[in-house]
Amino acid sequence: MKILSGLNLNEIEQITDELGATKFRARQIHNWIYLKSVKSIDEMTDLSIKFREELKKVAKVTDIQIKVKQVSSDGTIKYLLQFPDGECVETVLMRFDNRANLTACVSSQVGCAVNCSFCATGKRGFIRNLSYKEIIEQVLTIQRDTGLKVTNVVFMGQGEPLLNLDNVLKAMDIFNENFQIGARRLTVSTSGIVPQIRKLADLDMQSTLALSLHAPNSQIRSRLMPIENKYNMDELHKALKYYVEKTGRRITIEYLLVKDLNDTVESAKQLAAYLKDIKCNINLIPYNPTEKNDYKRPSNNAIMKFKYLMEHSGKKVTVRLERGADIDAACGQLRGKVD
Ligand code: SAH
Ligand code: SF4
C-alpha cells in the first residue's frame with residue numbers, strides 16, 4: 001500500500017501510470033494532497049468513482065494518527081501524532097492575532113540527544129530520526145484537521161534538526177515546491193552543531209537559521225547546554241561569522257532568559273560583545289517551566305531591562321510570545337508522550 005502524503009509529482013505519476021491513467025490525474029491527486037488536504041481518496045471528487053476505487057486498492061492518503069489534540073485558550077493547537085511504529089511526536093500550530101500567518105512548529109526527531117538541562121524533550125534521550133515524509137506529514141495532518149493552509153514552518157519542535165540534516169533539507173524542498181511555502185517562511189533552529197552550520201552556509205540555504213545560544217559565556221552555556229563541551233562558543237562564533245559572510249543572511253539568535261542565571265546586566269554586556277560582529281536579530285525566550293529543575297522565569301521587569309540593554313547594542317530584539325503554555329505547548333514543554 002502506497003502512502004500518498006509525502007510523494008512528489010513524479011512518484012504519484014508512477015502510481016497513475018501503473019493504473020493506466022494520464023499524467024493529469026497525478027496532478028489532480030497532488031493538488032488534493034498538498035493544497036486541499038483531503039483525508040481520504042473518496043474526497044478527490046474530480047476523479048471518477050471507478051478510478052478512485054482502483055486507486056484505493058493500491059494507495060491511501062496517510063498512515064499517521066492523531067492520538068491527542070489540545071486547544072489552548074490563545075488558539076494554539078497541540079497534536080500528539082503517532083507513526084505506524086508506535087513512536088509519537090508533538091506538532092504545534094500557532095496563530096498570531098492580527099496576522100494571517102499560520103505557523104507550524106514541527107519536530108525533526110523522536111527525542112533529542114543534546115540533552116539541554118532546561119528542555120523537556122532532551123529528558124527522554126534520543127530515540128530516532130524522523131524521515132522527511134514524517135516531517136511533512138506533520139504539516140499535512142494539521143492542514144487536514146483544520147482545513148487551513150499552513151503559511152510558515154519552524155523546525156522548533158522536538159529534536160535537533162541539524163543532526164537529521166538530510167531529511168530536514170529534503171522536507172524543506174518539499175515545503176517549497178509542493179506546499180508553495182517560500183524559503184523565507186521556513187526557519188531551522190539549532191543548538192549549535194558547528195560543522196552543520198558551515199555546511200548550510202556552503203549550501204547557501206535560503207531559509208532562516210535560528211541559533212539557540214542561551215548564554216553570554218562558556219561557563220553559563222555549559223551549565224545549560226552540554227553541547228558547549230563539544231562545540232564551544234569560540235568555534236560557534238567562527239561558524240556564525242562564516243555563515244553570515246557566505247550567505248549575506250541575518251541569523252536569529254534565540255536567548256532563553258532564566259532568572260538570576262543569564263538575565264543580569266553583566267550577561268547582557270557579554271552577549272552584546274559576543275554578537276557585535278554577527279549580523280543578527282535577537283529573540284528573547286523567557287523560560288517556560290518544565291518538570292524537574294530549579295530554573296525560574298525572570299520578572300517582566302527584568303525581561304524588559306534585558307531587552308533594552310540589547311537594543312542599546314544596536315540589535316533588533318523581540319520577546320517571544322508565549323503560546324499554548326496552558327496545554328504544555330510552549331517552547332521546551334514538548335515531551336512526545338501521552339503519559
Ligand atoms: N533543538 C533545536 C530545535 C528545538 S527549538 C534547538 O534547541 O534549537 C526549541 C526552542 O525552545 C529552543 O530554542 C530551545 O532552547 C527552547 N526551549 C527549550 N526548553 C525551553 C523552556 N523550558 N523554556 C523556553 N524555551 C525553551
Ligand atoms: Fe534538544 Fe533543542 Fe531540547 Fe536542547 S533545546 S534538548 S537541542 S530539542
Side-chain angles (χ1 to χ4, degrees), residues 76 78 89-92 94 103-130 135 138 153-165 167-168 171-172 186-194 196-197 200 207-215 220-231 236 240 251-259 261-263 280-298 303 306 318-325 328-337:
T76 300
K78 181 170 85 167
V89 294
E90 277 149 320
T91 302
V92 179
M94 296 167 286
T103 301
C105 175
V106 299
S107 295
S108 54
Q109 298 180 316
V110 183
C112 181
V114 181
N115 199 15
C116 303
S117 62
F118 48 81
C119 172
T121 304
K123 296 284 163 290
R124 277 189 78 189
F126 172 70
I127 317 268
R128 70 167 174 87
N129 279 333
L130 296 186
I135 296 172
Q138 297 171 54
V153 177
V154 296
F155 285 82
M156 295 190 185
Q158 286 151 258
E160 169 49 58
L162 297 202
L163 292 179
N164 185 16
L165 191 57
N167 283 303
V168 166
M172 287 167 69
L186 301 171
T187 300
V188 184
S189 175
T190 179
S191 57
I193 313 297
V194 164
Q196 307 297 64
I197 294 174
L200 289 181
S207 302
T208 303
L209 180 67
L211 173 80
S212 295
L213 184 62
H214 302 339
I220 297 181
R221 196 159 192 267
S222 55
R223 276 179 63 184
L224 292 169
M225 310 177 75
I227 193 82
E228 173 67 16
N229 303 325
K230 187 150 190 199
Y231 306 115
L236 188 57
L240 296 177
I251 296 177
T252 299
I253 299 289
E254 302 169 275
Y255 189 92
L256 182 77
L257 274 175
V258 182
K259 184 173 194 281
L261 179 70
N262 63 1
D263 66 341
C280 64
N281 295 327
I282 299 171
N283 193 207
L284 300 174
I285 317 176
Y287 172 72
N288 293 313
T290 61
E291 49 194 332
K292 293 194 198 106
N293 65 46
D294 298 331
Y295 300 137
K296 295 204 166 50
R297 188 186 182 89
I303 296 169
F306 199 91
T318 46
V319 177
R320 183 171 297 174
L321 284 176
E322 183 191 44
R323 311 302 297 188
D328 278 357
C331 299
Q333 295 182 324
L334 303 182
R335 287 175 311 145
K337 282 200 305 197

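Each ligand, and each atom within it, is numbered from 1 in the order the structure gives. As the structure is a prediction and not an experimental result, all values here were calculated from the model.
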Contacts for ligand 2, heavy atom under 4.0 Å, by chain and number, are Cys112, Val114, Asn115, Cys116, Phe118, Cys119, Gly122, Gly159, Ser191
Taking heavy atoms and a distance under 4.0 Å, where does Met156 meet ligand 1: side chain, backbone, both or neither?
-> both
Would you check whether Gly157 reaches within less than 4.0 Å of ligand 1, judged by its heavy atoms?
-> yes
Mind checking what makes side chain to side chain contact (heavy atoms under 4.5 Å, CB included) contact with Ser222, not counting sequence neighbours?
-> Glu228, Asn229
Where is the tightest heavy-atom contact between Leu163 and Val114, given as atom of each residue plus distance?
-> CD1-CG2, 4.2 Å
Leu130 and Val168, any side-chain heavy atoms less than 4.5 Å apart = no
Residue portion contacting ligand 1 (non-hydrogen atoms closer than 4.0 Å) for Ile285 | side chain
In sequence, state the C-alpha distance, the side-chain angles, and the governing distance for Asn129 and Gln109, and then conclude on side-chain hydrogen bond (donor to acceptor under 3.5 Å, both in side chains).
-> CA-CA 4 Å; Asn129 279 333; Gln109 298 180 316; 2.8 Å; yes
Could you list which atoms of ligand 1 come closer than 4.0 Å to a heavy atom of Glu254?
-> 13 (O)
Ligand 1-proximal atoms of Gln158, by part, heavy-atom distance under 4.0 Å | neither
Please confirm whether the backbone N or O of Cys112 pairs with a side-chain atom of Gln158, one donor and one acceptor, at under 3.5 Å?
-> no
Among Ser189, Ser212, Ser191, which residue meets the side-chain hydrogen bond (donor to acceptor under 3.5 Å, both in side chains) test with Glu160?
-> Ser191
Which atom of Phe155 lies closest to which atom of Ser108, heavy atoms considered = CD2-CB, 4.5 Å
Take Thr190 and Ile197 through the side chain to side chain contact (heavy atoms under 4.5 Å, CB included) test and state the conclusion after the steps.
-> CA-CA 9 Å; Thr190 179; Ile197 294 174; 4.3 Å; yes
Any atoms of ligand 1 less than 4.0 Å from a non-hydrogen atom of Thr190? List them with their elements.
-> 6 (C), 8 (O)
Among Thr252, Leu236, Val188, the one residue meeting side chain to side chain contact (heavy atoms under 4.5 Å, CB included) with Leu211 = Leu236
Could you tell me whether Val114 approaches ligand 1 through its side chain, its backbone, both or neither, with non-hydrogen atoms closer than 4.0 Å?
-> neither
Quick one: which ligand 1 atoms are inside 4.0 Å of a heavy atom on Ser191?
-> 6 (C), 8 (O)
By side chain to side chain contact (heavy atoms under 4.5 Å, CB included), which residues pair with Asn167, not counting sequence neighbours?
-> Ser131, Tyr132, Ile135, Asn164
Contacting atoms of ligand 1, where contact means under 4.0 angstrom from a heavy atom of Leu256 | 23 (N), 24 (C), 25 (N), 26 (C)
For Tyr287, what residues pass the ring-ring contact (aromatic ring centres under 6.0 Å, His included) criterion, not counting sequence neighbours?
-> Tyr295
Mark up the atoms of ligand 1 that fall under 4.0 Å of a heavy atom belonging to Ser212, in ascending order.
-> 6 (C), 7 (O), 8 (O), 12 (C), 13 (O), 15 (O)
Report yes if some heavy atom in the side chain of Val106 is under 4.5 Å from a heavy atom in the side chain of Val154; otherwise report no.
-> no
Check each heavy atom of Phe155 against ligand 1 and say whether those closer than 4.0 Å belong to the side chain, the backbone, both or neither.
-> backbone
Nearest to atom 1 (N) of ligand 1 by heavy atom, Cys112, Ser189, Gly159, Ala113: which?
-> Gly159
Check the surroundings of atom CZ in Arg320: do more than 12 heavy atoms from other residues, nucleotides or ligands lie under 6.0 Å from it?
-> yes
Considering only heavy atoms of Cys119, which atoms of ligand 1 have at least one such atom less than 4.0 Å away?
-> 18 (C), 19 (N)
Enumerate the atoms of ligand 1 whose separation from the nearest heavy atom of Glu160 is less than 4.0 angstrom.
-> 1 (N), 2 (C)
Would you mind running through ligand 1 and noting each atom that sits below 4.0 Å from a heavy atom of His214?
-> 13 (O), 14 (C), 15 (O)
